[in-house]
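Order of appearance sets the numbers: ligands from 1, and atoms from 1 within every ligand.
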Amino acid sequence: MKVNKKLIVGNWKMNKTPFEAGILALEIAAKAKSINNKKCEIVICPSFVCLDRVSKAIKNSNVLLGAQDVFYEKSGAFTGEVSADMLKDLGVRYVIAGHSERREYFGEDDEEVNWKALEAAEAGITPIVCVGESSEEREEGREFEVIRRQVLEGLRGLNRGSFVIAYEPVWAIGTGVVATAKQAEDVCKFIKGIVGKDVRVLYGGSMNGANAGELLNMPSIDGGLIGGASLKNDEFIKICQS
Ligand code: PGA
């Protein structure tokens, strides 16, 4: 089965206070009315403390709620952590697992990413498992090897259909250096070769209103994970319109 509906996910990272997030979510929800929800599913991922506010702001719209991270234990003495059940209770439908910033600054490895993805899926939240090579790994020609490992280890034990993958080359995140459509397509196609054609594979890394059309037109790219450009309502909606 070919994936027809595009999935556009905004990752707001550590930006916006709850008050500001509520306003941005209302703006996006209003503008998203113009988007055909049979063709495009829209998700926004604010920080944990903004989830409740954003959830209320997007109620009755065609925008869904996502979170940026989740902990892999169900409950207990894990100060500062947030469980999948807590997210579920707030209406969270998707959660990002293993973003390269979590891997780089918080030491997450494939095993931890896998635990998080399994925990989310068990709670009925779709994990968006992020994979991507660094610039050194690409220069050494090791991108496919790295991605194969991240995919196989990060998705271990997950049922097909219960997860989404985001290919985000580390060198393209927040740098303004977007992968060419061919580079992105080649890796997304490679990932589908491992996990199956019907699994949704997103591209992320400096996607914006100007380059989204070409990337989203590629046959193996089923959507986008958007950082910087998801913080501006016009730009984000432009990507959804692409
Ligand atoms: P960017 O971030 O769009 O700002 O490059 C993408 C991401 O980190 O998911």
Side-chain angles (χ1 to χ4, degrees), residues 6-16 20-21 24 28 40-48 50-51 54 63-70 92-108 113 116-117 120 125-135 137-138 143 146-147 150-151 154 163-181 183-185 187-188 191 200-216 218 221-242:
K6 299 286 180 188
L7 174 62
I8 304 295
V9 183
N11 173 11
W12 290 359
K13 309 194 180 183
M14 199 177 71
N15 294 294
K16 306 288 175 193
E20 293 164 345
L24 179 58
I28 289 174
C40 177
E41 191 174 348
I42 307 170
V43 179
I44 49 182
C45 305
S47 75
F48 289 139
C50 301
L51 283 170
V54 169
V63 179
L64 299 174
L65 191 62
Q68 298 174 17
D69 191 22
V70 63
V92 168
R93 306 278 292 275
Y94 287 89
V95 66
I96 300 169
H99 188 280
S100 68
E101 287 150 16
R102 304 266 349 145
R103 293 178 190 258
E104 183 179 350
Y105 305 130
F106 304 96
E108 287 187 15
V113 173
K116 290 185 170 192
I125 299 173
T126 305
I128 302 171
V129 178
C130 299
V131 300
E133 80 287 0
S134 65
S135 54
E137 287 161 343
R138 183 167 273 268
E143 64 271 29
V146 169
I147 284 167
Q150 291 176 338
V151 166
F163 61 86
V164 172
I165 300 179
Y167 167 54
E168 298 206 302
V170 179
W171 45 270
I173 296 178
T175 56
V177 184
V178 63
T180 65
Q183 283 171 328
E185 167 64 19
V187 177
C188 292
I191 293 171
R200 289 183 288 178
V201 181
L202 317 181
Y203 167 79
S206 299
M207 196 189 268
N208 58 35
N211 60 34
E214 194 189 359
L215 288 158
L216 295 172
M218 300 309 281
I221 301 180
D222 304 312
L225 181 53
I226 328 294
S230 71
L231 293 166
K232 297 178 213 125
N233 65 62
D234 283 342
E235 192 74 12
F236 186 59
I237 292 297
K238 212 165 149 193
I239 296 172
C240 299
Q241 283 161 346
S242 306

task = Could I get the full list of side chain to side chain donor-acceptor pair (under 3.5 Å) partners for Gln68, not counting sequence neighbours?
result = none

inquiry  = When you compare the side chain of Val187 with that of Ile147, does any pair of heavy atoms fall below 4.5 Å?
reply    = yes

message = So does Val201 get a backbone contact from the side chain of Asp222, meaning a donor-acceptor N/O pair under 3.5 Å?
response = yes

query = List by chain and number: which residues place a heavy atom under 4.0 Å from ligand 1?
reply = Asn11, Lys13, His99, Glu168, Ala172, Ile173, Gly174, Gly205, Ser206, Leu225, Ile226, Gly227, Gly228

request  = Step through the shown structure and confirm whether more than 12 heavy atoms of other residues, nucleotides or ligands are within 6.0 Å of CD on Glu214.
outcome  = no

remark   = Hits for salt bridge (Lys or Arg N to Asp or Glu O under 4.0 Å) against Glu143, two or more places apart or cross-chain, chain-then-number order -> Arg138

request  = Only counting residues at least two apart or in another chain, list the ones meeting side chain to side chain donor-acceptor pair (under 3.5 Å) with Glu101.
outcome  = Lys13

